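Here is the structure we will look at.
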Number of protein chains: 2
Amino acid sequence: MRRDSRLSGVLHVLLHMAQQPGPFTSETLAKAMDTNPVVIRRIMAGLRELGYVRSEKGHGGGWRLACDLAKVTLRDVYAALGSPALLAMGNRTESPGCLVEQAVNAALDQAFHDAEALLLSRLGEVTLAMLSEDCRKRLGSRKHQGLRAHGA
Amino acid sequence: MRRDSRLSGVLHVLLHMAQQPGPFTSETLAKAMDTNPVVIRRIMAGLRELGYVRSEKGHGGGWRLACDLAKVTLRDVYAALGSPALLAMGNRTESPGCLVEQAVNAALDQAFHDAEALLLSRLGEVTLAMLSEDCRKRLGSRKHQGLRAHGA
DNA sequence: CTATATGCAACATATGAAGTTACATGAGAC
DNA sequence: GTCTCATGTAACTTCATATGTTGCATATAG
């Protein structure tokens with residue numbers, strides 16, 4: 001099953017934005033992500049609605065962070081994407097008439113629910129500020145290259 | 001994202017088989033599952049290789065359980081399907097050169113891994129025998145109708 | 001007015017589960 | 001042996017959805 005990489009992608013974008021000031025155009029970000037500007041706008045749209053980022057049109061426009069990175073968790077970002085399905089598996093039929101299938105669903109739902117809850121919980125424990133700090137550590141003493149690390 | 005329902009489906013089949021003796025043809029099972037015989041054979045193939053079920057061709061042929069239901073867990077069944085991806089999300093790039101993306105991956109991988117481990121653990125706690133017992137309870141005092149509950 | 005940016009709809013592409021068709025193979029019934 | 005019933009399997013179609021692309025409307029700085 002093809003895996004949804006929007007969360008991974010949007011976090012990548014946000015952290016790059018956290019390393020440098022100034023607005024970033026969708027095109028700049030797209031080059032860094034090796035994708036298309038429209039894809040960037042698409043995954044950023046939800047974050048804009050929740051006020052995590054702002055966008056401005058025209059000359060000197062682009063994207064800017066608009067939140068306290070210490071107050072936004074990965075779970076918040078996930079929610080901003082529209083809370084897509086977390087698990088690749090699901091029940092064949094949600095409300096089956098067959099009692100046997102009801103038993104199967106009950107058992108699987110329990111396991112599925114626990115796993116989803118744990119994942120959401122873990123995502124809720126990590127803030128963008130924590131991730132950004134981790135980034136700076138990894139970048140270490142070398143000059144902050146920001147988006148230029150991608151060849152952009 | 002379309003969710004993989006093979007585990008749900010194959011469990012449904014196995015539990016129906018546990019309710020009644022006798023071989024079941026792929027066609028009978030397919031009718032109960034409202035699907036195609038080939039789909040049944042496909043999801044059963046892995047279980048046959050691991051010895052959980054046996055199949056016989058020709059007259060009087062079909063599928064039979066061939067294991068101790070108390071010793072096979074949902075995790076075993078999942079493995080028999082080829083251990084398909086559990087999570088609908090994943091990292092954009094597995095081995096990124098970008099340090100920022102490495103930080104993102106590290107954080108997400110941790111959460112993903114924990115959730116997967118919990119799910120597998122939960123699946124490992126439930127045996128087919130336990131599920132089958134739950135089925136019998138749900139069927140209660142009414143006559144065991146088995147596959148006929150599906151109109152088959 | 002022009003250049004540059006986002007906003008967004010519409011369409012194309014790719015992937016993989018699910019469904020379908022066709023045919024080969026094997027096992028009993030006769 | 002031959003017929004019928006069943007699985008085994010490859011190849012194809014269908015469907016959903018993330019991703020990629022194009023085109024154009026809209027807004028803003030100069």
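Residue numbering restarts at 1 for every chain, and letters A, B, ... go by the order of the sequence lines. What you see is a predicted model, and the numbers here were worked out from it, not measured in a lab. Hydrogens, waters and symmetry mates play no part in the numbers below; they use all other heavy atoms, side chains included.
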Heavy-atom side-chain proximity of A/Leu131 to A/Val126 below 4.5 angstrom: yes
Short side-chain N/O contact to D/dT19 OP1/OP2 from A/Thr35, under 4.0 Å: no
Below 4.0 Å: OP1/OP2 of C/dG16 and any side-chain N or O of B/Arg3: no
Touch class at under 4.0 angstrom, heavy-atom based, for B/Arg54 against every strand present: nothing
Between D/dA18 (C1') and A/Ile40 (CD1): distance, integer Å: 14 Å
Toward the 5' end of DNA chain D, by each residue's nearest nucleotide, B/His59 or B/Trp63: B/His59
Touch class at under 4.0 angstrom, heavy-atom based, for A/Arg42 against every strand present: base
Given D/dT19, C/dG7, C/dT6, the nucleotide with the shortest approach to the side chain of A/Ser26: C/dT6
Heavy-atom donor-acceptor pair, B/Asp76 side chain to B/Thr73 backbone, under 3.5 Å: yes
Rounded distance in Å - CG (B/Leu29) to C1' (D/dA6): 13 Å
Value in whole Å for how far the P atom of D/dT14 lies from CG of B/Asn36: 15 Å
A/Arg92 CZ - C/dG19 C1' separation (whole Å): 13 Å
Rounded interatomic separation in angstrom, taking CE from A/Met44 and P from D/dT19: 15 Å
Closest to side chain of A/Arg6, choosing from C/dT21, C/dT6, D/dT19: D/dT19
D/dT9 phosphate, OP1 or OP2, under 4.0 Å from B/Arg41 side-chain N/O: no
Between C1' of C/dG16 and CE of A/Met89, the distance in whole Å: 14 Å
More than 12 heavy atoms of other groups within 6.0 Å of B/Glu27 CD: no
Sugar-phosphate, base or nothing in reach of A/Gly60, heavy atoms under 4.0 Å: nothing
Protein-nucleotide distance (A/Glu27, atom CD; C/dT6, atom C1'), rounded to Å: 12 Å
Selection from D/dT19, D/dT9, D/dT26 that lies nearest to any side-chain heavy atom of A/Lys57: D/dT26
Side-chain N or O of A/Thr25 closer than 4.0 Å to phosphate OP1/OP2 of C/dT6: no
Donor-acceptor pair between B/Thr25 and B/Thr28 side chains, under 3.5 angstrom: yes
Crowding at CG, B/Asp109 (>12 non-hydrogen neighbours, <6.0 Å): yes
Contact check, side chains of B/Leu74 and A/Leu108, non-hydrogen atoms, under 4.5 Å: yes
Which nucleotide in D/dT21, C/dT21, D/dG8 has an atom nearest any side-chain atom of B/Arg48: D/dG8
Protein-nucleotide distance (A/Leu86, atom CG; D/dA18, atom P), rounded to Å: 13 Å
5' precedence on DNA chain D between B/Glu56 and A/Pro37 (nearest-nucleotide basis): B/Glu56
